[in-house]
Structure formats: structure tokens, C-alpha cells
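Structure first, then comments.
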Amino acid sequence: MDEASPQGLKSIDKQPYTLNMNPGVSVYGEALKKISGSEYRYWDPSRSKLAAYLRKKGKEFSYHENSSILYLGAASGTTVSHLSDLLVNGRVFAVEFSRIPFTKLLGLCETRKNIMPIQGDANDPDAYSFMVGQADILYEDVSQKNQVEIFIKNSIMLKKGGKGFLAVKARCIDVSRDPKKIFSDCAKELEASGFEIQDNRDLGPFEKDHAMIVVKKIV
Ligand SMILES: C[S@@+](CC[C@H](N)C(=O)[O-])C[C@H]1O[C@@H](n2cnc3c(N)ncnc32)[C@H](O)[C@@H]1O
């Protein structure tokens, strides 16, 4: 986090916090902290790969108050809730295919109007692309063997010049290979599909055998 960090993101004792859009409410049991009359939510790096990316000194953080984000693998909305705090005038299209986390996500959406829940399979972007249009940011955290393929398919909804964040779980791709080699192969596949690699960062020890690959869409 640095001076280019979006409004609403704060570093307190070197830990990330976001300005709570819904004061008094903790979404997943995270600590709340009052600073100069404003309430901030602790963004837990062991619960959110984007918070882990920040803790690992990741600098590619293009989330701003007007951003529109297509988020694949929203689960019950842990990370989405922090993005919702940051995007006061923006929107998160949150795609999730499992019924139980999706039901919890719907509860979150009742108090946060900038989250658009979509129950769908990220393998089938045609089913929801008409709702999303063109997004500034594509974020994916789906724990599937074909993570990169899903990302590339969904990038039809990412604006040219837009940023993509792919949270890669090496063990889902191949349990027997060195995670570093898997991360590097994923980056090569993305490069070959018209993305420029901005960062490829191991998220350990917060998220073991995970990396965050950040790309820019150039074609
Ligand atoms: C690791 S969890 C996501 C955690 C979440 N991103 C967070 O930080 O709060 C992965 C989620 O992806 C969902 N998922 C897996 N494959 C999917 C697919 N093809 N389409 C949509 N969601 C999928 C799973 O149901 C699960 O909830």
C-alpha cells in the first residue's frame, strides 16, 4: 500500500483495513477499528488472497471508487465485501456456482448495493456477459484445474488496458509438480493469449502454494 492506494484502503500497523460501508457490521468475524470517527474492517490475509497479495507487498492494485469488477468464485463474499467497501461508486459482479455460499452472498447483497450476485458457472461466460458488459478489472479465484482457461474465456468482458488478477492454486492444477513451475507456466499461457504480465507473486505463508498473477489486457 502506498500513496496511490484507493480511498478507503488503510494500512494500520502494517495490516490492511477497508473503510466499512456498513458500520457496526463485521462480515466474517473480522475485527472492526474506529479511527478519527470512521470505522475500518481488518482485511484478513489468511481469508482473502487479495489481502495476502497486499501483505506480500504487491503493488499492482488498480481498484478505485468507480471501478467495475467481474469477480469469479465469489463464495460467500469475504473478499467481495472488502472490494464493495472500496468501490463506493463502482460495482462488483460476483459469480458463484455453489448454492450454499451463494445464499450467504445474497444476504450480504441486501446491505451492499454495489454487489451484483450472479449464480452461474464461470466456464460459461455467455450466460452472464450481457449483465456485465465491459469491466475495468477481472478477478478470479475458482480453485479449478482449468483456472487459466476460465480466465481467458471471461476476459471477453475485460476492457482493453484493463487489469486481471488470477489467484492460482497450484495443487488444483497438478499436485505433483513444483508450484513455482506451475505459476510460471500459467503466466506464459496468459502472455500467449494477449496479456502482459505485471506481477506473479507467491502468496505464502498466508496462502500456501498459491500465487497472484496480475496482468494487463493488451489486445
Ligand atoms: C477459494 S473459494 C473463493 C473465495 C473467495 N474468492 C474469497 O476470497 O472470498 C472458490 C470458490 O469458487 C467457486 N467456484 C469453483 N468453480 C467455479 C465455477 N466454475 N464457477 C463459479 N464458481 C466456481 C467455489 O464454489 C468456491 O466458492
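Whatever order the structure lists them in is the order used to number ligands and atoms, beginning at 1.
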* Sort out for me which residue in Asn20, Val80, Leu9, Leu19 forms a side chain to side chain contact (heavy atoms under 4.5 Å, CB included) with Asp85. => Asn20
* To do: Answer whether the closest heavy-atom distance between the side chains of Ile115 and Leu83 falls below 4.5 Å.
  => no
* Structure fact -> Short version for Ser143: what comes under 4.0 Å of ligand 1, heavy atoms counted, is side chain
* Asked: Do Ser98 and Glu96 have side-chain heavy atoms sitting under 4.5 Å apart?
  -> yes
* Protein contact to atom 8 (O) of ligand 1 [nearest heavy atom, distance to 0.1 Å] -> Thr79 OG1, 2.5 Å
* Taking the non-hydrogen atoms of Ser76, is any one of them nearer than 4.0 angstrom to ligand 1? -> no
* Asked: Are there more than 12 heavy atoms of other residues, nucleotides or ligands under 6.0 Å from atom CZ of Arg91?
  -> no
* To do: Could you check atom 10 (C) of ligand 1 against the protein and tell me its nearest heavy-atom contact, residue, atom and distance included?
  => Asp141 O, 3.3 Å
* Asked: Is any side-chain N of the basic residue among Lys169 and Asp141 closer than 4.0 Å to the acidic one's carboxylate O?
  -> no
* Report yes or no: does Leu72 have a heavy atom closer than 4.0 Å to ligand 1? => no
* **Under 4.0 Å to a heavy atom of Asn123 - the qualifying atoms of ligand 1, by number** => 19 (N)
* Are Asp199 and Tyr53 close enough that a side-chain donor and a side-chain acceptor fall under 3.5 Å? -> yes
* Minimum-distance protein heavy atom relative to atom 26 (C) of ligand 1 -> Glu96 OE1, 3.6 Å
* Asked: How far is atom 5 (C) of ligand 1 from its nearest protein heavy atom, and which residue and atom is that?
  -> Gly73 O, 3.4 Å
* **Lys217 (side chain) donor-acceptor with Leu158 (main chain) under 3.5 angstrom** => yes
* Structure fact -> among protein heavy atoms, the one nearest atom 19 (N) of ligand 1 is Asp121 OD1, 2.9 Å
* Asked: Any side-chain hydrogen bond (donor to acceptor under 3.5 Å, both in side chains) pairs touching residues 181-193, not counting sequence neighbours?
  -> Arg177-Asp185
* Structure fact -> The atoms of ligand 1 lying under 4.0 Å from a heavy atom of Tyr71, numbered in the order shown, are 5 (C), 6 (N), 7 (C), 8 (O)
* To do: For Ser98, counting its heavy atoms only, list the atoms of ligand 1 lying under 4.0 Å from any of them.
  => 25 (O)
* To do: Measure the distance from atom 15 (C) of ligand 1 to every protein heavy atom, then report the residue, atom name and distance (to 0.1 Å) of the closest one.
  => Val142 O, 3.1 Å
* Asked: Side chain, backbone, both or neither: which part of Lys49 has a heavy atom under 4.0 Å from ligand 1?
  -> side chain
* Do any heavy atoms of Tyr139 fall under 4.0 Å from ligand 1? -> no
* **Polar proximity ligand 1 side, Pro101 side, N/O cut 3.5 Å exclusive** => no
* To do: Among all protein heavy atoms, pick out the one at the shortest distance from atom 14 (N) of ligand 1; state its residue, atom name and that distance to 0.1 Å.
  => Phe97 CE2, 3.5 Å
* At a 4.0 Å threshold, what atoms of ligand 1 neighbour a non-hydrogen atom of Gly120? -> 20 (N), 21 (C)
* Look at atom 16 (N) of ligand 1 and say which protein heavy atom is nearest, naming residue and atom and giving the distance to 0.1 Å. => Gln144 NE2, 2.8 Å
* To do: Could you list who else is in Val88's hydrophobic cluster, with ILVMFWY side chains joined at under 4.5 Å, directly or through other members?
  => Met21
* Asked: Quick check: does any side chain N or O of Arg112 sit under 3.5 Å from a backbone N or O of Ser81, one acting as donor and the other as acceptor?
  -> yes
* Asked: Between Lys159 and Asp136, does at least one N-O distance fall below 4.0 Å, as a salt bridge requires?
  -> yes
